[in-house]
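In this text, all values refer to a predicted model and were calculated from it rather than measured experimentally. Remember, it's 1-based here, ligands and their atoms both numbered in the order they're listed.
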Amino acid sequence: MNYKISPSILAADFNDLGDNIALVEKERADYLHIDVMDGVFVPSISFGMPVIKSIRKKSSLFFDVHLMIVDPDRYIENFAECGADGITVHLEASKDIDRTVSLIRSTGKKVGLSISPETPVSDITDEILKKTDMILVMTVRPGFGGQKYMDECTQKIREVRKRAEELGMDLDIEVDGGIDRKTITTVIDAGANVIVMGSSIFNGDIRQNMKYFRKVLGI
Ligand code: DX5
Ligand code: ZN
């Protein structure tokens with residue numbers, strides 16, 4: 001399995017954001033997970049284009065942009081321009097998911113589609129699944145870092161992996177929320193390969209945390 005670590009900067013020290021990013025980059029993070037929240041799709045507001053544009057100047061990591069915003073079509077072009085490498089939208093937030101996915105594809109960026117814990121995997125049709133590069137299975141309710149992993153989501157990871165295999169797809173399956181030293185084995189066993197971690201990377205010794213998780217994943 002092609003495992004990837006995607007540290008979520010939501011848990012970074014914003015006073016020291018550039019240094020925190022440089023540190024995970026040096027410790028061979030694969031992606032950088034960037035959570036954009038609009039205060040409507042989720043209760044909280046995080047940051048947007050200017051921050052991404054600014055960190056883009058110093059980092060060559062794959063920018064894994066997770067849009068937790070309503071009607072994401074309005075901003076896909078902007079996020080592509082400010083430095084995203086992959087753009088993930090929520091199925092629940094789009095008025096016409098086929099159109100949204102095509103819009104991301106037209107920018108040349110990787111296409112990600114996310115489902116919140118209450119959304120069943122069956123809401124993703126085969127037709128849409130085939131048009132994505134990555135499915136993000138949320139393992140907490142989107143909106144905040146530092147929440148507890150929801151065990152009921154493990155089955156959904158398995159289900160997405162099974163669907164992808166049936167379709168003969170080499171699909172990336174990302175998990176996000178409450179992944180730590182305990183739950184990481186659960187999500188890998190279920191078939192996830194892109195692991196987002198906020199608190200468990202940025203709280204404490206970032207270097208040691210990165211080394212620990214790379215070792216667990218054998219990368
Ligand atoms: C939550 C965000 C996550 C968050 C994860 O809505 O999408 O990316 O940063 O944080 P942890 O790893 O602390 O649960
Ligand atoms: Zn996220």
Side-chain angles (χ1 to χ4, degrees), residues 3-14 17 20-21 24 27 29-48 51-52 55 61-70 72 75 79 84-93 104 109-119 132-154 156-157 160 172-188 192-206 209-210 212-214 216-217:
Y3 292 115
K4 292 183 172 78
I5 298 180
S6 191
S8 171
I9 57 168
L10 196 62
D13 177 356
F14 289 124
L17 186 57
N20 277 202
I21 295 171
V24 292
E27 288 300 325
D30 304 278
Y31 287 0
L32 194 68
H33 189 80
I34 301 174
D35 289 304
V36 178
M37 304 180 182
D38 68 353
V40 181
F41 181 69
V42 288
S44 192
I45 299 176
S46 58
F47 43 74
V51 171
I52 301 176
I55 59 177
L61 285 167
F62 180 101
F63 279 10
D64 168 30
V65 176
H66 177 193
L67 296 183
M68 285 163 273
I69 64 175
V70 292
Y75 292 107
F79 282 103
D85 294 297
I87 299 177
T88 298
V89 293
H90 270 263
L91 180 61
E92 306 87 5
I104 305 175
K109 308 300 175 186
K110 293 274 186 199
V111 179
L113 176 62
S114 180
I115 49 171
S116 293
E118 62 278 9
T119 305
T132 67
D133 299 303
M134 183 175 86
I135 295 293
L136 164 52
V137 178
M138 286 303 299
T139 47
V140 296
R141 245 174 228 111
F144 301 97
Q147 301 182 74
K148 191 179 167 291
Y149 179 85
M150 293 169 71
D151 284 311
E152 56 270 43
C153 297
T154 308
K156 292 173 67 183
I157 306 167
V160 177
D172 279 326
I173 300 180
E174 183 172 63
V175 281
D176 182 10
I179 314 294
D180 57 22
R181 294 180 183 220
K182 250 180 98 179
T183 52
I184 192 163
T185 48
T186 308
V187 295
I188 310 169
N193 71 304
V194 183
I195 318 296
V196 176
M197 286 176 283
S199 322
S200 45
I201 296 277
F202 289 104
N203 289 357
D205 188 326
I206 299 175
N209 293 337
M210 280 298 301
Y212 177 88
F213 289 112
R214 278 214 328 265
V216 171
L217 297 170

_Subset of ligand 1 atoms that lie under 4.0 Å from at least one heavy atom of Asp35_ = 2 (C), 3 (C), 4 (C), 7 (O), 8 (O), 9 (O)
*Which ligand 1 atoms does His33 reach within 4.0 Å, using its non-hydrogen atoms?*
8 (O)
*Rounded to the nearest 10 degrees, what's the angle NE2 of His33 makes with OD2 of Asp176 at the Zn ion (ligand 2)? Could you check?*
100°
*Hey, are Lys4 and Glu174 close enough for a salt bridge, meaning a charged N less than 4.0 Å from a carboxylate O?*
no
*Which of the atoms in ligand 1, numbered in the order shown and given with their element, are less than 4.0 Å from a heavy-atom of His66?*
7 (O)
_ligand 1 atoms in contact with Ser8 (distance to a heavy atom under 4.0 Å)_ = 4 (C), 8 (O), 9 (O)
_Atom indices of ligand 1 within 4.0 angstrom of Leu10 heavy atoms, with elements_ = 9 (O)
*Are any of the heavy atoms in Val140 under 4.0 Å away from ligand 1?*
no
*asked:* Rounded to the nearest 0.5 Å, what separates atom CZ in Phe47 from atom CG in Asp35?
replied: 6.0 Å
*Heavy-atom contact under 4.0 Å between Gly146 and ligand 1?*
yes
*Would you call Arg181 and Phe213 a side-chain contact if the rule is heavy atoms closer than 4.5 Å?*
yes
_Quick check: do Val24 and Phe202 have side-chain heavy atoms less than 4.5 Å from each other?_
yes
_Non-hydrogen side-chain atoms of His90 and Ser116 separated by less than 4.5 Å_ = yes
*Less than 4.5 Å apart, any side-chain heavy atom of Leu136 and any of Leu113?*
no
*Considering only N, O or S atoms, which atom of His66 is nearest to the Zn ion (ligand 2)?*
ND1
_Nearest non-hydrogen protein atom, atom 10 (O) of ligand 1_ = Gly145 CA, 3.5 Å
*So between Ile201, Val196, Asp176, whose heavy atom ends up nearest atom 7 (O) of ligand 1?*
Asp176
*Could you walk me through whether Asp38 and Ile45 pass the side-chain contact (heavy atoms from CB on, under 4.5 Å) check?*
CA-CA 5 Å; Asp38 68 353; Ile45 299 176; over 6 Å; no
_Atoms in ligand 1 flagged as close to Gly177, the criterion being non-hydrogen separation under 4.0 Å_ = 14 (O)
*Thr139 vs Thr183 side-chain heavy atoms within contact, under 4.5 Å*: no
*asked:* By the definition side chain to side chain contact (heavy atoms under 4.5 Å, CB included), identify the one residue from Val216, Leu32, Asp30 that meets it with Ile5.
replied: Asp30
*Taking only heavy atoms of Gly143, which atoms of ligand 1 are found under 4.0 Å from at least one of them?*
1 (C), 6 (O)
*In terms of residue, atom name and distance, what is the protein heavy atom nearest to atom 1 (C) of ligand 1?*
Phe144 O, 3.5 Å
_For Met68, the ligand 1 atoms whose distance to one of its heavy atoms is below 4.0 Å_ = 6 (O), 7 (O)
*asked:* Applying side-chain hydrogen bond (donor to acceptor under 3.5 Å, both in side chains) to Tyr212 and Ser200, what does each step give before you reach the verdict?
replied: CA-CA 10 Å; Tyr212 177 88; Ser200 45; over 6 Å; no
_Nearest to the Zn ion (ligand 2) - the N/O/S atom of Asp35, by atom name_ = OD1
*Quick one: does Thr88's side chain get under 4.5 Å of Leu67's, heavy atoms only?*
no
*Which option out of Gly178, Gly198, Ser200, Ser199 puts a heavy atom nearest to atom 13 (O) of ligand 1?*
Ser199
